[in-house]
Colleague: 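The structure under discussion is supplied below as structure tokens; questions concerning it will follow.
Just so you know, these numbers use all the heavy atoms, side chains as well, and skip hydrogens, waters and symmetry mates.
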Amino acid sequence: MPVILDARGLCKNFGAVTAAAEVNAAIEKDSVVGLIGTNGAGKTTFINMITGYIKPDQGTIEYEGRDITPLPPRDITRLGICRSFQIPQLYPSLTVYENMLVGLGIVLRNARLAGFFHRREGDVPGYGKPAHEVAEHLLERFGLADYRDRNAQVLPGGARKLLDIALTMVAKPRILLLDEPTSGVSAQEKFGMMQMVLDAVRAEGATVLFVEHDMEVVSRFAQRVLAFYDWRIIADAPPQAALADENVRRYVSGNRA
Amino acid sequence: MRRDRTVVLVGVILAALLAGGPFLPQWAMFIVTIAFAQGLVALGLMLLLRAGLISFGQALYYCLGAYAAGALGRFVGIGDILVQMLAGALAAGTAAFILGFLLAKYRGIFFGLLSLALSMILYGLLVKNEALGSTDGFNILPSTLFGIRPGPDWVRYTVMASAAVVSLALALIVHRYLRTPLGRLAPAIKDNEIRVEYMGASARYAVHVKYVIAAVLAGVGGALAATTVGHIDPDMAFWTTSGEFIFVTILAGTGNVIAPFAGAFIYGAIRTTAYDLSPNTWQLSLGTALLLIIVFLPEGLWSLFKRHARHS
Amino acid sequence: MDQLLSVAVDGIIYSAWLFTAALGLTLIYGVMKIVNVTHGSFYALGAYAAASITGAWLAHGYPPMLSYVVLLVSAVVVTLVVAPLIERGILRFMYAKDEVVILLITYALFLILEDVIKLVWGVNPYFVAEPYALLGSFSVGGLAYPTYNLILVALALVAGLGLMWLLHSTRVGKLLVAVIHDPEVSRAMGINVHRYYLTTFTFGSLLAALAGAFTAPTVSVVPGLGVEIIVLSFAVVVIGGLGSLPGAALGAVIVGVVRSFSVHYMPQVELFVIYFVMAMVLAFRPRGLFSLAEPRKI
């Protein structure tokens, strides 16, 4: 499969603290990649660099052959790379449905002044349907239809996570970065939720990278695993191999042989 | 639906004023016209407030609008009401476009303080400017409309009618704007700006646009106020003037584009009666009213109307 | 050279006055994280109390030399009556609200107090020039300056150094410094942050009242006295950095000197230039020149 995202030689220092040291990763289109590693190992920094939230001190990130390293988050989103957040970033005073509409509105006309002059709302790019239909469709997919008219503020933890991810789908991303999608979700619900998320996401044809601490979730859903430790990638292999790797055992999963 | 109701309401108000206007006493027409002027400024503040921003210096644009209208008369000899409002809009809009590049980066108290500083800068400049009358300011030319100078009995009505038409038209434009994706971005920016950026929109762009719209509204309001009162002076840029606008906005709430005008009208009515009853306690009444509203009715008076409407 | 000297002296006097006036505002922001518009009210209250009480003192034929003490005491008394009333009676219930909302609440209180002052003291101006005239004048470089102005300078020094001493050498002071730096952590360490709010609010308001009281002999005390001082104090505090005490000093000096220069060389820009500096600081160093506040979002 062709490479859709290519990170090369990424280095990042925050003052005296190193957050990334020569990180290389080539992500293939349509793959599902798990990112593992203890806290502070550099996973979130990696995601932040890809999404443009921080700039690497050295190195480049190429997306479909184009250098996206200097771009700000909103441009990167518009190009098709979206992320979800560890702590769900929602619009608390709006209802679930309104949350989706805001996002769709942004995508529809890039939320510019010109939107004032359009008589009818067109179809959402990438979905080919009008905004309210796409909103309902995504809410269905993520199991949030029942919460449609509740304020985002009052949603239970699992639903908040799902809404956060649904919001990222609004821009029909080609690459989706999920930051700890199952954190805070109970053990019984984790698998179901991850399955639902991946089904919904893959149905729209996205490449997925997800950060995860639960090794069972990783081994079940990832096709490939990148293990982070000490600000570098110490293993890059399919889950079975990666989790069996000695270094990964020692530094990440903590399972002695 | 909600949308129709606003348009209908606007139509009804306009019709009532145009038809019934000539029968109103002069002082009432004055209050109504000033209410439109202040309401315009408050409408702009409402736009910003929905995005979570509060400007302590809208008086800057109000004053610019007024002085633009005044300068038209003083230096060019034009007293046409509509041209004055247009001049006010342009002066304010241009200034806001430029200043917006800076201000759109700020939030919270800093946005407020910077807007305050900018308005006080204008105040400082005007107060010492001999050509524009320093602290005394100067008078505005008598109003004309489309070249005709209305007779002394009809001046107030003409100004009021022009005010009503322009203000309500602007209100409807804003109403439409609030339904566009850019307009709907406001509560999202207020709630979670990071999320907005990560969805691909520029919060800064949105804020800049709102800031310019608010300024244009304030500029038109200022020109209108100038023409109604007949006189302009630097106090129009002083922070206490901005304070009045904020008061009206809070009184009104952010529920509907008509709310700021209703709020301005109520404010004007209270202020006049309170002042007449007891000139030394009107600020006390207003201050108390403001306090009570902030604490007990944070959505403003319009929320009472909404609640009532929903139950009926 | 003479010109420069008089610019300097004017600047120092004005800076001293500004410092005393603004110090309380920055202290209250630093500890309570609120922008307090009633600051102007306390300035006015101090001026009115001082003018009326000192006026009565002098009218009764009591020793004029003690009138300075009376000025001081008036300011203290009026603050001790009004400040706790405001803090305990109203502000106390509002601390959970957004900082802009609290600002608006203090604005509402300011409006109320403006009229309270009118109701208590009437609208006629108060003059109490004796403490000012009593001290005569001294000359610097050929120009005569009222000696009274030295009292303003002395007040600024006492207020500034006194506050610094209080914050660094007393137990309460050190707790307040901790709260200024990080209210969350302070709370987590068991400091009852809210209990100190009353003290801070009262003390900060007292500083404003003192500034007003000691300014009273130099002006005619009329309604609206507090209106201009609020926005000037904002300018000083923003320039120095919200919540920073050395910042207030720096801000006062900058504004004082800049104003002095413009008054002497280009009077048309006198007011403009002060707010211009404020806007510049906000634009380029929003944190002020020493600061603690978080400026903007993205």
Colleague: Sort by residue number and list every member of residues 88-95 of chain A having a non-hydrogen atom under 4.5 Å from chain B.
Modeller: A:Gln89, A:Leu90, A:Tyr91, A:Pro92, A:Ser93, A:Leu94
Colleague: Using non-hydrogen atoms only, which part of A:Asp164 is less than 4.5 Å away from chain B: side chain, backbone, both, or neither?
Modeller: both
Colleague: I'd like to know whether CG of B:Leu292 has more than 12 heavy-atom contacts from other residues, nucleotides or ligands below 6.0 angstrom.
Modeller: yes
Colleague: Just so I know, are the side chains of A:Ile106 and B:Arg184 near enough to count as touching, which here means a heavy-atom distance under 4.5 Å?
Modeller: no
Colleague: Report the residues that fulfil salt bridge (charged side-chain N to carboxylate O under 4.0 Å, His left out) with A:Glu136, sequence neighbours left out, ordered by chain and then residue number.
Modeller: A:Arg148
Colleague: Taking all non-hydrogen atoms of both residues, which atom of B:Arg195 and which atom of A:Arg83 are closest, and how far apart?
Modeller: NH1-O, 3.8 Å
Colleague: Shortest non-hydrogen contact from A:Thr77 to B:Met199?
Modeller: CG2-C, 3.5 Å
Colleague: Considering non-hydrogen atoms only, spot the tightest contact between A:Arg78 and B:Gly200 and give its length.
Modeller: NE-O, 2.7 Å
Colleague: Could you tell me which residues satisfy side-chain hydrogen bond (donor to acceptor under 3.5 Å, both in side chains) with B:Ser162, sequence neighbours excluded, listed by chain and number?
Modeller: none
Colleague: Can you pull the ring pair (Phe, Tyr, Trp, His ring centres under 6.0 Å) pairs that have at least one residue in residues 142-161 of chain A, sequence neighbours excluded?
Modeller: none
Colleague: Aromatic rings A:Phe85 and B:Tyr198: how do their planes relate, parallel, tilted or perpendicular, breaks at 30° and 60°?
Modeller: perpendicular
Colleague: When rounded to the nearest 0.5 angstrom, what is the spacing between CG in B:Asn192 and CG in A:Asn99?
Modeller: 9.0 Å
Colleague: Is it true that, when you exclude A:Lys172 itself, more than 12 heavy atoms of the residues, nucleotides or ligands shown sit nearer than 6.0 Å to its NZ?
Modeller: yes
Colleague: What closest approach, in Å, do A:Gly105 and B:Pro181 show between heavy atoms, and which atom pair accounts for it?
Modeller: O-CB, 3.4 Å
